[in-house]
Structures are given as structure tokens and as C-alpha cells.
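Below, chain A is the first sequence line, B the second, and so on; all start at residue 1. Heavy-atom basis, side chains included; hydrogens, waters and symmetry copies ignored. Just so it is clear, the structure is predicted and the values come from calculations on it, not from any experiment.
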Amino acid sequence: MASNAQATEIFRTIADLLDLLGEQFKPEAYRRAARSIESLTEDLGAVAARHELRSIPGVGEAIAEKIEEYLSTGSIGYYERLKREVPAGLVELMRLPGLGPKTARRFWVELGVEGPAELRDAIAAGRLVGVKGFGEKKIEQIRAALATAAAGPAASGRRPIEEVYPVAHELVTALRERTGADRVEVAGSFRRARETVGDLDILVTTQAPARAFEVFSAHPLVGQVKMRGDTKETVLLTDGLQVDLRVVQPEEFGAALQYFTGSKDHNVRLRSLARDRGLKVNEYGVFRGEGRVAGVTEEEVYASLGLAYIPPELREDRGEIEAAAKGTLPPLVVESDLHGDLHIHLSSAASAEELERLVEEARALRYSYLTVVVAGERLDGTPWSLPAPIRTRLEELSRPGLWLARGLETGPGPIPDELGGIPFDVRILRPTNGAPALDGGTPPWALLAHVGSSVAPDAAALARWVEAARSARAAIEVGPGAERLDSTAARQAREAGVTIHVPTGLGSPDAATVRHVALGFARRAGAVADAVANARADPPVSAGGTGGGPRRTSSPDRPRSRPATKRTP
DNA sequence: GCCGTTTTCGGCCCGACTGTTTTCAGTCG
């Protein structure tokens with residue numbers, strides 16, 4: 001999806017350039033279009049070929065034309081003109097923390113400064129002293145921002161959600177236990193389960209805000225306090241992640257949680273819907289005139305606008321508001337829907353104790369099946385397998401109530417001779433480059449895994465794999481890490497009717513992170529329990545290869561059946 | 001520049017915080 005990413009970046013830059021020219025509403029319009037293009041599940045070229053560019057939210061006549069121009073010529077005349085008009089260095093300046101378009105423009109117009117290097121020189125030469133609006137502190141702040149930018153490129157970019165997850169968990173736990181806060185929730189893109197997180201927004205209700213700030217600032221993860229007001233504190237963690245802590249009143253908590261969860265586009269739509277109904281929504285509640293209509297809970301906020309509750313993962317203005325109004329939102333998969341895992345790896349040196357711990361974990365979660373990969377091919381194509389005693393132990397531990405299936409993980413071709421004698425129940429496909437078509441003669445595939453490890457994640461390759469999974473009736477694995485699908489790709493799989501697999505992380509130290517993040521991605525993709533392979537009561541597996549199939553007696557083997565599935569509450 | 005279950009024109013979120021101010025501008029989220 002290289003061209004989508006490039007188009008996104010071009011429109012973002014156009015927005016910045018227009019900002020620098022002092023334009024009022026155009027910049028936001030271009031940013032809106034950029035956000036939509038970024039989250040597209042298919043290539044812009046494909047949308048253009050169907051003449052459906054205008055159906056992309058935020059893309060109207062003018063931007064659609066510019067996309068066409070970009071697709072056919074590789075550049076956009078309007079963009080090139082703007083770049084000639086405004087020095088490129090100004091965009092860098094306005095992207096520095098604490099600086100914005102107004103300030104960058106003033107440097108340009110009043111001081112002739114056209115970029116970071118010139119600004120540094122101007123400050124060193126004392127040219128900012130005495131300029132209206134620039135006191136000692138402001139100048140120092142700019143100097144510091146320039147130094148940080150020069151030291152390393154983008155020390156404060158967005159980071160993967162799985163990296164932030166344990167940190168968020170720790171901070172929330174500490175706030176709950178040590179500050180006397182009543183309610184503590186993380187909002188923002190973290191709560192929406194976006195793949196990347198820019199910062200953390202934590203909301204608390206407490207009678208003693210000052211104490212909450214005090215305790216929070218003293219947490220070992222916190223590096224420095226950036227600012228502290230009456231209701232809000234901003235800190236930087238030792239690893240550079242920014243965390244905002246906001247204190248809100250209990251009667252406002254739902255409204256604040258809704259407001260700070262976003263997304264921006266979702267909230268804009270919500271507010272305009274409210275306006276149409278004579279209501280006003282802000283972070284303090286929903287109001288008719290002076291009277292508060294809602295605010296304690298999010299459910300109440302949505303209900304007051306005539307909407308069903310919208311799960312955070314869907315709040316991106318991609319049609320969820322219309323669906324909530326009509327009552328057609330899907331009941332998204334929840335953690336208690338998961339009945340097992342089709343893809344568990346143990347190391348080739350695994351011990352029986354490791355296997356037993358794994359089984360204990362599965363029992364504790366009331367899972368009814370696990371596929372443990374017992375044999376397969378390494379990335380270099382050489383075969384490996386779990387030691388025979390471990391495979392035997394696996395069979396011994398399998399019983400009605402918890403079926404331990406044996407997984408065989410290979411490329412798409414015939415099973416290599418070396419692995420031919422090893423019995424298995426589930427065949428897991430590890431894609432290799434250039435061979436997307438699954439061999440129809442082999443047993444049905446249960447799972448397409450490690451997709452990102454062997455194919456470039458561009459739209460065309462992804463489309464091939466989704467089609468391969470669809471025709472083989474295999475599930476595709478979703479979750480954190482380069483080897484699994486992100487939520488955008490998962491949405492594409494869903495749209496093609498391909499089921500997805502949510503890894504549970506069982507047996508790994510970061511199991512909770514893997515499971516929650518993967519579930520979040522599945523929910524972002526709009527998956528209901530029926531769309532998740534391991535949310536089915538019986539494993540979506542048929543007897544495979546030389547294996548014997550399910551060795552349990554409690555329920556008959558039902559290949560490819562769609563057993564009754566627990567409903568989302 | 002986009003958008004419309006009251007609109008094809010006239011809107012487009014708005015409050016907290018900082019720094020430089022004497023009443024406000026800019027940035028951020």
C-alpha cells in the first residue's frame with residue numbers, strides 16, 4: 001500500500017503548508033482526507049478504478065481530482081506550487097513541540113528565517129530578544145526544542161501498542177492502589193486499540209487531585225513533570241512516552257471518557273449530530289441549554305443522542321454512528337468468547353513441565369482446545385519436531401474438555417518426507433514468497449500464520465493471501481508483531497469473509513498483552529464471535545494428513561462445521 | 001475543502017494551559 005502511504009504524507013504536508021499560509025479550514029479538510037486514506041483497506045488505485053474516490057470520508061471533488069492526478073502522474077501540481085511558495089524548513093519548524101503555524105510563519109515573515117538551522121543562528125545572535133511575544137522562557141523553550149530535534153530524529157514518535165500495554169497496566173494499577181482514586185481508565189487511541197499509540201491519556205475521579213498528581217509524579221516510571229494545572233498533569237516517562245493524567249468529577253466521568261477516547265473524527269460527527277437535536281456535547285456532559293442530560297456513563301452519553309453504545313474500537317467515523325442509530329452495530333467478540341488457541345509454539349527443547357504449565361493456564365481460562373505445534377519447517381526449510389516424549393505427554397494430557405491437538409507448520413507444498421511420519425491434527429500454513437495458491441489436494445488448512453514474516457505487507461500481497469485463505473477456508477492470525485495481521489488487514493480479511501485467529505499468548509510471559517492487543521485488533525476489524533476461528537466452541541479443524549483427528553469422545557468430529565457459539569453479552 | 005434525515009450555503013469543537021500579557025494569543029489534545 002505504498003502509494004496510499006505516500007498520498008497520506010502528501011496531503012498531510014499540503015495541510016501544513018496551508019496552515020503556514022494562514023488558511024482557515026482547508027488544512028483540517030486535507031488532514032481529514034489524509035486520515036481516511038491512511039486507514040483504507042485497499043489500494044487507492046483500486047478505489048479510483050471503480051470511480052469511488054468520493055466515497056472516501058473527507059474526499060470531495062477537489063481532493064478526488066488531486067488523487068487522480070497523483071495516481072496518473074505521480075505528483076500533484078497544487079502540492080508542487082505550494083512547496084515553491086513556502087520554504088520546506090518551515091514545515092519542520094511548525095512540527096516542533098510548542099511551535100505551531102502562527103509562530104513559524106512569524107519567524108519567516110518578520111525574521112526571514114526559513115528553517116531550523118537559521119532559527120538556531122537567529123537565537124544565538126540574539127535576534128529574538130525584544131520581539132513582541134517572545135520572552136526569556138519562550139526563547140529557551142524553542143532553543144530546547146531545536147536541540148532535541150537536532151539530537152535525534154523524532155524521539156517522540158508513535159510506538160506499537162503492545163510496547164505501551166504493560167506500562168499502561170502498571171500505571172493504572174498504581175493509581176488505583178495508591179492515590180485513593182475511585183475510577184481510573186486509559187482513554188485515547190490506546191483504548192481504541194490502535195496499532196500505535198502517541199501518548200497515554202489517563203482519567204481519574206478523586207476527591208484529592210493534588211495527592212493523585214503527587215503520587216503519580218513519584219512513580220518510578222515517571223521521568224519528568226512537564227506541566228501541572230488544577231485538573232491536568234503531563235509527565236514524560238523515563239522512556240520518553242508522554243502521559244496525561246486528568247482529574248474529572250464523577251458526574252462527568254462518562255462524558256470525559258467518551259471525549260478523550262475519540263477519535264477526533266468520531267467526536268466531530270457526534271457533536272454535529274447533537275447540534276441537530278438541540279443538544280451540546282463536551283467533556284463535561286451532554287446538555288440541553290443549561291441542563292445536563294447525560295455524563296456519568298458513556299452508555300448514557302450515546303443513549304441521550306439516540307445511539308446504541310459504540311465500542312471504543314469502532315469509533316473512527318467509518319459508519320459506526322449510522323449503524324448505532326439504526327441499531328445494527330455488530331456484537332464484537334469479547335475475551336470470554338475465546339475457547340482455545342490453534343497456534344501455540346513450544347521450543348524444541350521444551351520440557352514436560354512447560355507443557356503441563358501450558359495446560360494449566362488453558363484450564364484456568366476454561367479453554368476446550370489447544371493446538372500445540374509439534375513439528376514443522378524452520379524458516380530455512382529444515383525440518384524440526386518436538387522430542388517424542390513431549391509429543392507422547394501431549395497425547396496423555398489431552399482429554400474430554402481440553403483437546404490438545406497436534407499442529408504441523410509448513411509451507412504450502414506437500415508435507416516433506418522427514419515430517420511424513422509424525423501424526424498431526426491441524427496443519428498451519430507458513431506462507432512463502434510467490435506461492436499463494438494452497439494445494440487443494442492437501443488437507444484443509446486450519447490457519448494461515450506468520451503472514452508478515454515472509455511477504456511484504458503491501459496491498460497486493462495481502463490481497464493474494466486473503467484470497468488464498470478464503471479458498472482454503474483457513475483462518476488468518478491477527479495481533480501484535482510483524483508476523484501477524486494488523487487491524488486494517490484484518491478488516492480486509494473480514495470483508496472477504498475470512499475468519500481470523502486471535503492468539504491467546506498462552507505459554508509466553510507476555511500472554512496478557514498478546515491476548516488483549518490481538519482481541520483489540522479483531523474488534524477494530526469489526527469481528528463478531530462467529531468471525532473468530534478460536535471463538536468457536538469446537539475447533540474449526542478436520543482430521544489432517546496422517547494424523548488421527550480429534551481424539552476425544554465427548555463430541556463428534558464435525559469438519560468445517562459452524563458450531564453454536566457463545567454470544568457476546 | 002467538505003458536507004447535509006431540516007442546509008447546496010454557511011458552518012466547521014472548545015477548554016486547559018503557558019507565556020506574555022494588563023485582557024490575550026498560540027498550542028495542544
For [N] versus [M], give the span between their [atom1] atoms, rounded off to a whole number of Å.
N: dA25(B); M: dT20(B); atom1: P; answer: 16 Å
N: dC12(B); M: dC17(B); atom1: P; answer: 25 Å
N: dG1(B); M: dT6(B); atom1: C1'; answer: 23 Å
N: dT8(B); M: dG4(B); atom1: P; answer: 13 Å
N: dT18(B); M: dC13(B); atom1: P; answer: 25 Å
N: dA16(B); M: dC9(B); atom1: C1'; answer: 33 Å
N: dT7(B); M: dC2(B); atom1: C1'; answer: 14 Å
N: dT22(B); M: dG15(B); atom1: C1'; answer: 22 Å

What contact category does [X] fall into here, base, sugar-phosphate, or nothing, at under 4.0 angstrom with non-hydrogen atoms?
X: Thr231(A); answer: sugar-phosphate
X: Glu233(A); answer: nothing
X: Phe260(A); answer: nothing
X: Asn267(A); answer: nothing
X: Val281(A); answer: nothing
X: Ile139(A); answer: nothing
X: Lys326(A); answer: nothing
X: Glu65(A); answer: nothing
X: Arg228(A); answer: sugar-phosphate

One thing to verify: whether [Y] and [X] come together as a salt bridge, which I'm taking to mean a side-chain N less than 4.0 angstrom from a carboxylate O.
X: Glu9(A); Y: Arg12(A); result: no
X: Arg35(A); Y: Glu38(A); result: no
X: Asp19(A); Y: Arg31(A); result: yes
X: Arg127(A); Y: Glu110(A); result: no
X: Glu335(A); Y: Arg515(A); result: yes

Counted 5' to 3', the first and last nucleotides of DNA chain B within 4.0 Å (strictly under) of a heavy-atom of chain A are dG1(B) to dG29(B)

Sorted by position of nearest nucleotide on DNA chain B, 5' first, the leading residue of Ala62(A) and Val131(A) is Ala62(A)

Assign each of Asp276(A) and Asp230(A) the nucleotide of DNA chain B bearing its closest heavy atom; nearer the 5' end lies the nucleotide of Asp276(A)

Item to complete: Give a yes-or-no answer on whether the side chains of Glu316(A) and His266(A) include a donor-acceptor pair shorter than 3.5 Å.
Response: no

Note to self: For the residue pair Arg183(A) / Thr206(A), report whether a side-chain donor-acceptor contact shorter than 3.5 Å exists.
What the structure shows: no

dT7(B) glycosidic conformation (syn if within 90° of 0, otherwise anti) is syn

Within residues 9-34 of chain A, the residues having a heavy atom closer than 4.0 Å to DNA chain B are Phe25(A), Lys26(A), Ala29(A), Tyr30(A)

Review point. Does the ring centre of Phe134(A) sit less than 6.0 Å away from the ring centre of Phe107(A)?
Key: yes

Check whether Phe260(A) forms a cation-pi arrangement with Arg246(A) (NZ or CZ under 6.0 Å from the six-membered ring centre, at most 45° off the ring normal). yes

Is it the case that Lys66(A) places NZ or CZ above or below the six-membered ring of Tyr78(A), under 6.0 angstrom from the centre and within 45 degrees of the axis?
yes

By ring-ring contact (aromatic ring centres under 6.0 Å, His included), Phe287(A) pairs with (sequence neighbours left out) none

The Watson-Crick or G-U wobble partner of dC2(B), with both key distances under 3.5 Å, is dG11(B)

